[in-house]
Amino acid sequence: MDWLKELLKKLGVAEADVDKIDAEVRKELPMHFVPKSQYNELSEAKKKAEKDIAERDKQIADLGKTAGLSEELKKQIETLQTENQAAAERYAAELHDIKMTNALRQKLEGKVHDVDLVIGMLDKQVIKLGDDGNIVQGYEEQEKTLQESKAFLWKQEDNQQQQQSPPGFRVGGGGNPNPPAATLTLKDAIAAHFQK
């Protein structure tokens with residue numbers, strides 16, 4: 001405590017008295033004051049505690065917000081679960097419809113003029129598919145009814161229709177029955193054309 005001795009000397013206190021006062025202050029001071037190193041430690045600990053408390057307060061506030069939001073999150077999760085279930089059911093229905101359409105297409109291919117039109121006229125609710133994707137029941141009755149009421153949709157299986165040549169270009173067939181002579185020049189071919 002050199003600072004105290006210097007202060008007492010400036011005030012004019014005798015050297016012997018300065019040492020007595022210094023000894024008494026050293027004895028009494030720890031009862032009323034803490035050392036600077038201990039004060040610094042406590043000060044740092046206080047700052048850290050205040051920081052921790054502020055952080056905890058923030059976490060509690062965030063938890064409060066989350067707790068308030070948890071009801072909303074639960075509702076969102078329930079909504080998403082419901083939407084996912086509905087989407088799964090739609091997917092299953094669409095997949096069943098695709099399987100049904102493909103099975104009907106296989107049955108009708110080559111028998112009717114317009115497969116999609118006939119499939120649209122069938123009641124798919126009555127038709128049942130097996131595990132293998134083939135039609136099990138409900139189709140034959142509807143096919144028979146449609147053949148009787150709308151016979152024009154079905155192709156006629158007579159030999160005459162099968163013997164007809166399909167329309168379109170045929171390689172090696174037809175062509176110009178009167179081809180121009182190979183000896184004509186371009187000039188002669190043009191003149192012959194205009195003379196007609």
Side-chain angles (χ1 to χ4, degrees), residues 51-182 184 186 189-190 192-194 196:
K51 183 180 175 186
D52 288 346
I53 289 171
E55 198 171 299
R56 298 293 184 275
D57 288 344
K58 183 179 180 291
Q59 288 175 348
I60 289 171
D62 289 344
L63 284 174
K65 290 177 185 175
T66 304
L69 289 176
S70 69
E71 292 300 319
E72 291 177 24
L73 289 174
K74 286 179 185 176
K75 288 179 185 175
Q76 283 181 338
I77 289 170
E78 288 173 5
T79 302
L80 289 173
Q81 286 173 335
T82 305
E83 289 174 359
N84 286 344
Q85 185 177 0
E89 289 171 1
R90 275 195 313 271
Y91 171 75
E94 288 173 6
L95 184 62
H96 181 267
D97 188 53
I98 290 170
K99 286 181 180 179
M100 177 71 69
T101 302
N102 287 338
L104 290 172
R105 192 174 295 278
Q106 284 179 345
K107 285 275 193 184
L108 294 169
E109 202 68 47
K111 291 183 178 180
V112 295
H113 295 289
D114 189 346
V115 174
D116 294 325
L117 179 67
V118 175
I119 289 174
M121 296 175 138
L122 295 170
D123 184 7
K124 293 180 184 177
Q125 301 295 329
V126 177
I127 300 171
K128 303 290 183 217
L129 291 178
D131 292 335
D132 58 354
N134 291 327
I135 296 172
V136 177
Q137 69 181 36
Y139 169 73
E140 269 69 2
E141 300 85 22
Q142 291 188 58
E143 180 185 27
K144 186 177 180 183
T145 306
L146 276 176
Q147 279 180 336
E148 291 171 1
S149 64
K150 300 193 181 344
F152 61 91
L153 293 172
W154 268 258
K155 293 181 179 178
Q156 300 300 321
E157 295 183 23
D158 59 352
N159 293 337
Q160 191 178 32
Q161 187 179 11
Q162 291 176 357
Q163 290 176 356
Q164 279 184 336
S165 61
F169 179 76
R170 289 187 304 264
V171 177
N176 189 352
N178 301 322
L184 291 178
L186 180 61
I190 293 172
H193 176 73
F194 285 112
K196 291 181 185 176

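Start at 1 with the first residue, then count along the sequence.
The side-chain contact (heavy atoms from CB on, under 4.5 Å) test with D114 singles out one residue from V118, V112, D116, and that residue is D116.
One finds a salt bridge joining K111 and E143 here, because a Lys/Arg side-chain nitrogen approaches an Asp/Glu carboxylate oxygen to under 4.0 Å.
Note on residues 88-98: pairs passing side chain to side chain donor-acceptor pair (under 3.5 Å), not counting sequence neighbours, are D97-K124.
Side-chain atoms of Q142 and L146, non-hydrogen and from C-beta on, never get closer than 4.5 Å to each other.
Not a single donor-acceptor pair under 3.5 Å links the side chain of Q147 to the backbone N or O of W154.
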| field | Residue pair L108, Y139: steps toward the side chain to side chain contact (heavy atoms under 4.5 Å, CB included) verdict | value | CA-CA 11 Å; L108 294 169; Y139 169 73; 3.1 Å; yes
| query | N134 and L129: side chain to side chain contact (heavy atoms under 4.5 Å, CB included), yes or no, with the steps? | reply | CA-CA 6 Å; N134 291 327; L129 291 178; over 6 Å; no
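The OG1 atom of T101 sits 7.0 Å away from the CZ atom of R105 when rounded to the nearest 0.5 Å. The line from OG of S149 to CE of M121 is 7.5 Å long, rounded to the nearest 0.5 Å. Rounded to the nearest 0.5 angstrom, E141 CD and I127 CD1 are separated by 9.5 Å. To the nearest 0.5 Å, the span separating CD1 on I119 from NZ on K107 amounts to 13.0 Å.
Residues A103 and I135 come closest through the heavy atom pair CB-CG1, 3.8 Å.
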